[in-house]
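What you are looking at is a predicted structure, and each value in this text was computed from that prediction instead of being measured. In this chain, residues are counted from 1 in sequence order.
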Amino acid sequence: MGRYLLRRLLQLVPVFIGTTFLIYWLVWSVPGDPFAGKCGDRRCPDVYINMMTEKYQLDQPIWVQYATYMKNLFQGDFGTTFNNREVSDIIATAYPNTLKLAVVALSIEAIIGLTAGVLTGLRRNGFLDNLVLVSSLFLIALPVFVVGFVLQWLFGVTWQIVTPTVSSEMRFTELIIPGFVLGSASTAYVARVARTSIAENRRADYVRTAIAKGLPMRRVVGVHLLRNSLIPVVTLLGTDLGALMGGAIITEGIFGINGIGREALRAIVTKQSSTVVSIVVVLVLVYLFMNLLVDLLYAALDPRIRYE
């Protein structure tokens, strides 16, 4: 296991360098004046443009800019915006809010999606199975902003069960509705994947053997069937954390959450390239380490899987 973990960590290095360089090149190669609007309605003076170009090394080749950025990044310096605000401060303020929202959404996916998938996988073609299939298809078809506005209007305005927007304290009760909105489509996918996996493994020999031995159905499902059926579900949930954090722009905008998604959108609109790059770099790290964690969980779920 130790050698496998070391090998996987080493494999992450070229992937990280390749993805971050591609992101850096794409962001800084976007056509347009990066200093547009920085001096109000008038064009910025040439002295200011020359000073900022030299400060951010915009006159250097892209690989030189990237090397300097990575050198500073490994020293904990995410750079500064054109307004001299530390990007690390922006990430430190917004990232925990998005992480809380993403964890709530992931928990809702796991609880609702897995429960629905297990129940329908054990009893296919019944009323509950058809209900879950129709509901999941409905959630997949609906855009996130439609689900968000509908639930905000129902629970926040009409029934007044929760506040329409999330406060700065980010209490757990306030995040339940936004978390469901953010993970609504993924919850449907988890339910469908779990249903298919449970239904397939239910016909496996080890399940029939366990039933023939007289084991209680609860033990057969909980210990034997569910454990081996969780691998595709864990894969989906693990890789979904980064997607939820990156795709939280709409949900954060609807519920007034000051998260990483809103900061990324604000940086794109104002052409704060250093902020966009740093935010995406953090999301790339989340993706890479969550994929590594998912691979390690495979061995815990299926004893037949061994890493050397």
Side-chain angles (χ1 to χ4, degrees), residues 1-5 7-8 102-142 147 172 176-177 179-244 286-287 289-308:
M1 176 66 78
R3 287 187 298 175
Y4 172 79
L5 181 60
R7 187 166 64 250
R8 284 300 310 273
V103 169
V104 171
L106 199 67
S107 302
I108 292 174
E109 286 181 32
I111 295 173
I112 298 179
L114 191 57
T115 301
V118 171
L119 293 178
T120 55
L122 293 174
R123 300 180 179 180
R124 298 187 64 180
N125 301 322
F127 171 77
L128 182 60
D129 186 25
N130 293 326
L131 178 63
V132 170
L133 287 178
V134 172
S135 301
S136 60
L137 184 61
F138 187 71
L139 288 176
I140 293 172
L142 278 180
V147 179
F172 173 76
I176 294 178
I177 301 301
F180 179 81
V181 171
L182 180 60
S184 57
S186 298
T187 302
Y189 285 120
V190 169
R192 285 174 167 260
V193 170
R195 171 186 179 272
T196 302
S197 184
I198 289 287
E200 290 179 354
N201 288 322
R202 191 183 181 188
R203 298 190 295 268
D205 293 338
Y206 68 88
V207 175
R208 287 198 294 264
T209 302
I211 296 175
K213 290 170 61 177
L215 294 179
M217 196 61 187
R218 179 180 300 178
R219 180 173 177 81
V220 173
V221 174
V223 177
H224 300 280
L225 181 58
L226 183 59
R227 186 173 178 179
N228 289 281
S229 302
L230 277 179
I231 289 182
V233 179
V234 168
T235 304
L236 182 59
L237 290 174
T239 56
D240 204 32
L241 180 61
L244 290 175
V286 173
Y287 268 111
F289 283 105
M290 286 305 299
N291 274 278
L292 176 60
L293 179 61
V294 166
D295 287 345
L296 296 178
L297 285 176
Y298 287 164
L301 293 173
D302 192 340
R304 295 171 297 182
I305 298 176
R306 290 289 182 267
Y307 296 126
E308 298 178 357

Within the structure provided, determine whether Met290 and Asp240 are in side-chain contact (heavy-atom separation under 4.5 Å). no

Holding to salt bridge (charged side-chain N to carboxylate O under 4.0 Å, His left out), I want the full list of residues that pass it with Arg208, two or more places apart in sequence or in another chain. Asp205

Beyond-backbone contact of Lys213 with Thr209, side-chain heavy atoms, under 4.5 angstrom: yes

Using 0.5 Å steps for rounding, measure from the OH atom of Tyr287 to the CG atom of Asn291. 9.0 Å

Which residues pass the salt bridge (charged side-chain N to carboxylate O under 4.0 Å, His left out) test with Asp129, not counting sequence neighbours? Arg195

What pair of heavy atoms forms the shortest contact from Ser229 to Ser197, and how long is it? O-OG, 3.0 Å

Measuring from Ile211:CD1 to Arg202:CZ, what's the distance to the nearest 0.5 Å? 7.0 Å

Could you pull out every donor-acceptor pair under 3.5 Å between side chains of residues 105-118 and any protein atom, sequence neighbours left out?
{"unit_1": "Ser107", "atom_1": "OG", "unit_2": "Val103", "atom_2": "O", "d": "2.8"}
{"unit_1": "Thr115", "atom_1": "OG1", "unit_2": "Ile111", "atom_2": "O", "d": "2.6"}

Write down the atom of Ala102, the atom of Leu244, and the distance for their closest heavy-atom approach. O-CD1, 3.8 Å

Is there side-chain contact between Phe138 and Leu142, with heavy atoms separated by less than 4.5 Å? yes

side-chain contact (heavy atoms from CB on, under 4.5 Å) evaluation trace for Leu133 with Thr120: CA-CA 9 Å; Leu133 287 178; Thr120 55; over 6 Å; no

Heavy-atom pair of closest approach, residues Val181 and Ser184: O-OG, 3.0 Å

